[in-house]
Every structure is written in C-alpha cells, then in structure tokens.
A.B. asks: 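Dropping the structure in here first, questions after.
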Amino acid sequence: MRQFLLLPLYLFVLLLGAMPTAIASEQTQQEESYRILADILEDEQSRTRFIEQLRLMADGQSPEQSTRDVASEEEVPSLARQLASNTQNVAQELVQKVGEGLQAIWQIRSIVSDNGWLSTLSLLFSLSIVIATTLLLFWGLRLAARPLFARANLLAAPGRGPNLMLRRVVAVTVSALLDVAIVLLAWVTGYVIALFVVGETGKMDVTESIFLNAFLLIEVFKVLIRTVFADKDDELRLLPMCRETAIYWETWLFRLSTIIGYGMLMIVPLINVTISPVLGQFVSIVVVIIAFLYALVVILQNRSPVRNQLMLMAGESNISLFRVSLGMLARCWHVLAILYFAILAIALLLRPEDALPMMLKATFQTIVAVGLGIAFTKVISHFIKKPLTIPEETRQSFPHLEDRLNAFVPTVFETLRIIIVVGVIAIILDAWSIFNLATWLGSDAGINTILTLLTVSAILITASLLWIGLASWIEHRLNPLASNREPSPREKTLLTVFRNAASIALVTVTIMVVLAEIGINIGPLLAGAGVLGLAIGFGAQKLVQDVITGVFIQMENGINAGDIITVAGMTGVVEKLTIRSLSLRDVSGTYHLIPFSSVDTVSNFMREYAYHLGVYGIAYREDIDEAISKLQDAFAELLEDPEQRENIIEDDLQVDGVVALNDSSVDIRVRIKTLPGKQFAVGRAYNRLVKQHLDRAGIEIPFPHMTMFFGQEKDGTSPAGALRLLADDGASHGNPARPSDSTDAEQDSSK
C-alpha cells in the first residue's frame, strides 16, 4: 500500500524546495518522510510509480488529480479511449494552429513594418540571386552532362559485349555518382555566391543557408528517384517498366517531393525567420494538406494499373516467397501508400521540425534498401538463369558433374536471394523504428543467430560439396571413357552399394550436426536411436540377417548386377543389388525381390567362363562314331558364324562320349567352352545345327512312341479294331467337320 504515501511524500518534497529552513517542531516529520522516501526508492515498483507521479505533476496536473491516481488502482485506458483522446488532442491542436495562422495573416503588414520593408526586400533580393544562380547552374550542368548519361545508357545496352550484368551495374553506379556530383557542385557554388558575392563578404544570411540545405537534401532525394526510374535512359532503369510509366511516376514523385521538401524545409523556415512562427505553422498545415490530397488522388487513380503490374510480376516469379509477397502487395499497396502519406502528414503537422528529417531519413533508407535489394536480386537471377558449363574433357570424365553443379549452385543463389530479402525487410523495419537492427546485431541473441546461420550454411555447403565430389568420383570410376577400361561387375556393384551407404551416412551426420548447431541436444536422440536400433535388432532378426548376409555376399563377390544366377529356386538376371535384397528378372519377365536371408546357395553362371553342356540321344541302331562325327561337323559350322565365334573360348569340341544307355536312346555328351553368360545363346545355335546335321545323315533322334493294343483272344487271335473315319464336309457352311457315314473297318493289329 505504499502508493498511498506518494502524495504526502511528493508534497513534502515540494515544501522542502519552497521552505529551506524548517522549524524545529517539524524535524521529526521530516526524518519520517526521509525514511519513507528511502523505502519507496528501494522498491522498484514504488519507485516507478513515484516517477510517474512526478511526471504527471510536471505536465501540469493538479495534486488532487495525482492523489486520485495514486490512491486508486491504475486504470489502463482502452485502445479506443487512447485513440479518441489522441484524435481529440490532434484536432484541437490543428484548430488552434489554423486560428492563430489566420490571425497572423492579418498581422503580416505590421510584422513586416516592424522589421523594415527595405531590409526585407534586400533580404529577398539576395536570396533570389542565390536561388537563381544555384538552380540555373544545376540545370545547366545536367544539360551538359546529358551526353554522359546517354553513353552510360549505351554501355548498359544488350549486344554491346559480354558481361551485361556487370556493365549495367557499372553504368547505373557511374550515372548516380555523376548526378550526385552535379548536385554537390551546384550546392557549393551557391554557398560561394552567398558568402562572397551577395551581401557582406564572408558572411551568409540564415535564409540563404536554409535554401541551400533544403536544395541539397531535396535534390539528392531526387537523384535517388532518377536512379530508380530513369525516365530518359531505359537501360539504367532499376524497375521493370516502360518509359511512359517511368516518366509518370518520376514526375509525380518529383512534384510531391518539391511540394513537401521546399515547402517544409525552405518556405516554412523562411516565414518563421522573417515573418512569424505562427504563420509558418499555418503555411506548413496548408502545404501538408495539399501534398496529402495530391498523393491521395494519384494513388487512387493508379490503384488498378499498379495492382495488375504487381500481379503480372508475381505470375512471372519462379520463387514462391516472391510470388506470395507480390500477390499480397498487389492487393493492399494503395492502403500502405495512403497510410504512409497519412503518417507523414500527421507527423509534419504535429512535429514539423523533427518529422520531415525523420521521414526523409526513413524513406531514403527504405528506397536505398529496396533498390540495392533489387539490384542484388537481379545479379543473382542472372547467375541462376545462366547455366554453369565445364570443359569438354571434364564432362567426358564426369558426365553428370555439370548437372549436379547446376542443381547445387542455383540452390545456393536462391538461399542467398532469400537472405537478401530478409535483410532488406530488417533494414526497412529499422528505418521506421519498428526494429532496432544495430542493437539486435550487437546483442548476444543477434550475434548467436548470425553465427548459427553462418555455421549451418557452411555445414550444408560442405556436405553438398562432399556428396558432389564422392558421387563424381564413383561416376569417374564407373565411366569406361575415363579409365579406358570397362569396370568389372564386382566394381560396379560395390561402388553402387558404397554410394548408397555413403549418402545415408552423410545425410544422417549432417542432420545431427545441424541440430546440434541450432541448439537441440542430440544426446537423447543418439541414445534413443541406439535403443531403437537394439529393439529393431531383436524384433527384426530377418532384417539383420538380410544385411549381414548381403554384406558377406558382396565382399565375397558372389553376385553382381547383370549376372545370371540361380538363387532361392529361381533363375534369372540380377537387375539390382542393395545391402538387404536383390532383384531378379526371370526368362518370362517376372520380377522377383529376394531378401538375402532366403539365400542359402548362389549358382552364378557368370564367373570367368561357362560351358554349354549338350546331351544328345540317338537310336540304338545308329553308329555312335558317325553320330559323334556329325556333332563335330555341327560345331565346325558353328565356328564359322562370326557372331557365335566371339562367344566361344576354345576351338575344340569336348566330347565326353556315351554317358547313358537309356530305355530308348543312347546319350552322347559334349561341352563347348564359352564366355560367361553366353552359353545359352551358343547352346541354342548349336542345337539347331545338330538337328540339321543329324537329319541330313539319317541318324534318328529317338522320341517317345505310343503303341495301340486291341487285346488278344485265348486262341492267339486279335479282335478287329473298330475305327471310324472323320472327313470334312464342304456343305457344312463353315461348321466344324462332321463324322461322315462310313462302314466299320476291321483290321488285325498285333504288337
């Protein structure tokens, strides 16, 4: 309840100041008051309330009002109440200034008479000479420098040589510096004339200084506008718009800056100095109202064209952030513009001496930030659109390196462009005192954030470069043009598996390091991953068996991609190998996914060499040596085929001889040594030739026969077989053949 002591204490402090000598009877009360004051200053909340009460008293509030504020709980006014109170104060202050200004208009003659007509006219004459000289020199210098601006425009034009973006940056920078130099030269000349030509030598009137300072600020601001729009130089224009649009907006901004700038920075101060500050306040109100109404009319007239242009730019943008931002800006740009000029008008009306410099500084900083952001974004967009090329020799050695670089570099530039946009937004917020960028950058939070972003960026870039280098090295090893040799199937398989494992490891490590850098404790994640891995190991033993078996099969070079194998009872071509399974495509085209845990035995037809193993049966009545001779003749003809000759390793047919005396054939086995995997094609071609040679020699190749037995009587005779002949009937109208009428034929048959 110490707040109830604030009023007595405050009154006591006042009495101390008014009555330095107190009577002895009040000594005890003073000591008690000192004690209370010490207690209040010691408590932070009470000290804050005490300071607030002192400020209320300093603003002219009565002690009774302060007593009521202290004795009761503080009421926090609502937003509507604050807005109404502020609006009322602004309106009352404006009405008061207008009334005082109207009164001052009627008193101009008396005020000027008091100052002296001759001195006033002399002052205006000297000022007119300075103004005319400065402006004429400025316009003359700009007219004389027009060819230089034209040459800069030609320098930035397309088709004038390579490095278009660099030429544009140089041309825009040189043009802006030249424009600023002209303003500075005219400003310095005006100062020289004011000091040594007009009036007393070495002295300058305050009115002349007011004009020259206003001229410098306003014309430098116009230089910035000319740099952005460049109505006469199309190639120096920073914003994408046609010349007519640029002329319109540049003229509008020139007029507005002239009205506000020279009105508030020159005319109002001159009236304040020469006539009356009250009249100067009235003129400032008139200038602000005229400028605001002019800006409001122009904004509303161009609401739809600007919105359509922004929507068109949003549709052409390839970045989702820009597309969304431009779309939102297209819908509310006029509201933001009206709000900006409304704030500027209110600030100029209430605090004209502080508002305009602050608004000019904030506007200048905003335009510079946006202009530099657009310039840097255009430079980055130029590099993004221009693909990276590598030498032809390097491309042959690393066929996909250029594609990887063209996927990595634009990503880096896109990230850099987003960082530039964020930086521009931060600078704009800092310009309008919404966010203190310098304080944030100097704080621990700002420094830690910047360092974290830099560290994370470096980690991601390093990981990307490592992956590009690793993938390119593997690609180089697998490229036959780079090493002048065809990589072995084992090398292909192991390098492919290594690339997959390395990518998983690199991604995992990168994620863990990034999480650690941004402040996330990865210890529990690692512990959880370990426990989860242990649980998965117990719960998914098949998966563990798949991985372990796959590792050993790969290390022992048991299977490679492209091999023809028999595994898990299926035969086919290996299409893909992972650390856990293999993909098999059989002869019918069926795709089989076989986990390594199901693999007990691997039969590989693709190791070093292979044999076509042929077993050919002949009839018992045939000559075996003649049959072997025909088999050799067929092999000799096979060697004459150039396509098959390349697949055969040995030129001699290996004849193993008779390997079996079957029920209906004598089997002769031969072998043809071939390249691995070619035994099937060679065997098919050889079988074709064997059939042809044996047929020409009349050597019978036995095949299964069927004997029909109609039975036998007890006396040894066989009954007649009942046969019915079937024949086609031409009159059946396309129907299947019908049995024709025939008589039963009796025929004796015996076994």
A.B. asks: Would you confirm whether S209, through its side chain, and D205, through its main-chain N or O, come within 3.5 Å as a donor-acceptor pair?
C.D. replies: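 Not at all, since once roles are kept as given, no pair shorter than 3.5 Å links the two residues.
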A.B. asks: Are any of the side-chain heavy atoms of V223 and V183 separated by less than 4.5 Å?
C.D. replies: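 Yes. Closest side-chain heavy atoms under 4.5 Å.
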A.B. asks: Scan T251, D231, L253 and name whichever one has a side-chain contact (heavy atoms from CB on, under 4.5 Å) with I225.
C.D. replies: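 Answer to the side-chain contact (heavy atoms from CB on, under 4.5 Å) test with I225 among T251, D231, L253: L253.
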A.B. asks: Under a 3.5 Å distance rule, please check whether T439 uses its side chain to pair with a backbone N or O of N436 as donor and acceptor.
C.D. replies: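 It does not hold such a pair.
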A.B. asks: So which heavy atom on L506 is nearest to which on W467, and how close?
C.D. replies: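 Heavy atoms only, the tightest pair is CD2-CB, 3.7 Å.
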A.B. asks: Kindly give the heavy-atom pair with the smallest separation between V424 and G373, and that separation in Å.
C.D. replies: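 Minimum heavy-atom separation between V424 and G373: CG2-CA, 3.9 Å.
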A.B. asks: Kindly compute the distance separating OG1 (T134) from CG (L216), expressed to the nearest 0.5 Å.
C.D. replies: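 With rounding to 0.5 Å, OG1 (T134) is 11.0 Å from CG (L216).
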A.B. asks: Is any side-chain heavy atom of F229 closer than 4.5 Å to one of T245?
C.D. replies: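 No, their side chains stay 4.5 Å or more apart.
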A.B. asks: For a quick test of reading the model, state the closest non-hydrogen atom pair linking R168 to E235 and the distance between them.
C.D. replies: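 Minimum heavy-atom separation between R168 and E235: NH2-O, 2.9 Å.
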A.B. asks: First locate atom OH of Y248, then atom CD of E244, and finally report the distance between them rounded to the nearest 0.5 Å.
C.D. replies: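 Between Y248 OH and E244 CD, I get 14.0 Å after rounding to 0.5 Å.
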A.B. asks: Nearest 0.5 angstrom please: L454 CG to E517 CD, how far?
C.D. replies: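 Atom-to-atom, L454:CG and E517:CD are 11.0 Å apart.
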A.B. asks: Hey, could you give me the CG/CG distance between L184 and L141, rounded to the nearest 0.5 Å?
C.D. replies: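 With rounding to 0.5 Å, CG (L184) is 11.5 Å from CG (L141).
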A.B. asks: Can R142 and D179 be said to form a salt bridge (Lys or Arg N to Asp or Glu O under 4.0 Å), step by step?
C.D. replies: CA-CA 8 Å; R142 281 197 54 82; D179 209 347; 2.7 Å; yes
A.B. asks: May I ask you to test the Q301-V297 pair for a side-chain heavy-atom distance under 4.5 Å?
C.D. replies: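 Yes, close enough: below the 4.5 Å cut-off.
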A.B. asks: Indicate yes or no: does R226 engage D233 in a salt bridge with an N to O separation below 4.0 Å.
C.D. replies: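 Result for this pair is no, no salt bridge flagged.
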A.B. asks: Name all residues meeting the side-chain contact (heavy atoms from CB on, under 4.5 Å) criterion together with T258; count only those two or more places apart in sequence or in a different chain, and write none if there are none.
C.D. replies: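 T258 satisfies side-chain contact (heavy atoms from CB on, under 4.5 Å) with K222, Y262 only.
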A.B. asks: Does some side-chain heavy atom of R237 sit less than 4.5 Å from a side-chain heavy atom of V172?
C.D. replies: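 Sidechains of R237 and V172: no contact.
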A.B. asks: A side-chain contact here means heavy atoms from C-beta on lying under 4.5 Å apart; do L265 and L217 qualify?
C.D. replies: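 L265 reaches L217 side chain to side chain.
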A.B. asks: So L256 and W252, side chain to side chain contact (heavy atoms under 4.5 Å, CB included) or not? Walk me through it.
C.D. replies: CA-CA 6 Å; L256 191 62; W252 175 71; 4.0 Å; yes
A.B. asks: Spell out, as yes or no, whether a donor-acceptor pair under 3.5 Å connects the side chain of N302 to the backbone of P305.
C.D. replies: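 Absent.
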A.B. asks: If you look at every heavy atom in G327 and M311, which pair is closest and at what distance?
C.D. replies: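 Here G327 and M311 meet closest at CA-SD, 4.1 Å.
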A.B. asks: Would you confirm whether D430, through its side chain, and A426, through its main-chain N or O, come within 3.5 Å as a donor-acceptor pair?
C.D. replies: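 No; judged by distance alone, with no hydrogens or angles, the pair does not exist.
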A.B. asks: Can you tell me how far apart CG (L310) and CZ (R331) are? Round to the nearest 0.5 Å.
C.D. replies: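 Output value for this atom pair is 11.0 Å.
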A.B. asks: Using 0.5 Å steps for rounding, measure from the CD atom of E250 to the CZ atom of R255.
C.D. replies: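 Answer rounded to 0.5 Å: 11.5 Å.
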A.B. asks: Would you please name every residue forming a salt bridge (Lys or Arg N to Asp or Glu O under 4.0 Å) with R243, sequence neighbours left out?
C.D. replies: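 Per chain and number, R243 pairs via salt bridge (Lys or Arg N to Asp or Glu O under 4.0 Å) with D234.
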A.B. asks: Please name all residues satisfying side-chain contact (heavy atoms from CB on, under 4.5 Å) with V412, sequence neighbours left out, ordered by chain then number.
C.D. replies: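 Once residues adjacent in sequence are excluded, the partners of V412 under the side-chain contact (heavy atoms from CB on, under 4.5 Å) criterion are F408.
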A.B. asks: Distance-only, no hydrogens or angles: does the R307 side chain make a donor-acceptor pair with backbone N or O of A330 under 3.5 Å?
C.D. replies: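 No: the side chain of R307 does not pair with the backbone of A330.
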A.B. asks: Hey, can you pull the donor-acceptor pairs under 3.5 Å for the side chains in residues 187-194, sequence neighbours left out?
C.D. replies:
| residue | atom | partner | partner atom | Å |
| --- | --- | --- | --- | --- |
| W187 | NE1 | L212 | O | 3.2 |
| T189 | OG1 | L185 | O | 2.7 |
| Y191 | OH | N213 | OD1 | 3.2 |

A.B. asks: Under the criterion side chain to side chain contact (heavy atoms under 4.5 Å, CB included), I'd like the reasoning laid out for L429 against L437: C-alpha separation, chi angles, the key distance, then a yes or no.
C.D. replies: CA-CA 8 Å; L429 296 178; L437 182 60; over 6 Å; no
A.B. asks: Closest approach of A171 and A152, non-hydrogen atoms and distance?
C.D. replies: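 Closest approach of A171 to A152, heavy atoms only: CB-O, 3.3 Å.
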A.B. asks: Holding to side-chain contact (heavy atoms from CB on, under 4.5 Å), I want the full list of residues that pass it with T462, two or more places apart in sequence or in another chain.
C.D. replies: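 Per chain and number, T462 pairs via side-chain contact (heavy atoms from CB on, under 4.5 Å) with L466.
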A.B. asks: Are there more than 12 heavy atoms of other residues, nucleotides or ligands under 6.0 Å from atom CZ of F376?
C.D. replies: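 Not more than 12 within 6.0 Å, no.
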A.B. asks: Below 4.5 Å, heavy atoms only, C-beta onward: do I129 and V197 meet side chain to side chain?
C.D. replies: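 No; the side chains remain at least 4.5 Å from each other.
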A.B. asks: Name all residues meeting the side-chain contact (heavy atoms from CB on, under 4.5 Å) criterion together with S472; count only those two or more places apart in sequence or in a different chain, and write none if there are none.
C.D. replies: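 Per chain and number, S472 pairs via side-chain contact (heavy atoms from CB on, under 4.5 Å) with F398, L401, R404, I468.
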A.B. asks: Determine, step by step, whether L460 and S457 satisfy the side chain to side chain contact (heavy atoms under 4.5 Å, CB included) criterion, reporting the C-alpha distance in whole Å, the side-chain angles of both residues, the deciding distance to 0.1 Å, and the verdict.
C.D. replies: CA-CA 5 Å; L460 294 177; S457 300; 5.9 Å; no
A.B. asks: Checking side chain to side chain contact (heavy atoms under 4.5 Å, CB included) for the pair L336/Y340: CA distance, chi angles, key distance, verdict?
C.D. replies: CA-CA 6 Å; L336 298 177; Y340 168 79; over 6 Å; no
A.B. asks: More than 12 foreign heavy atoms under 6.0 Å from CZ of R303: is that the case here?
C.D. replies: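 No, CZ of R303 has 12 or fewer neighbouring heavy atoms, counting only those of other groups under 6.0 Å.
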A.B. asks: Taking all atoms of both residues into account, what is the closest heavy-atom pair of I428 and A369, and its distance?
C.D. replies: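 Looking at all heavy atoms of both residues, the closest pair is CG1-CB, 4.5 Å.
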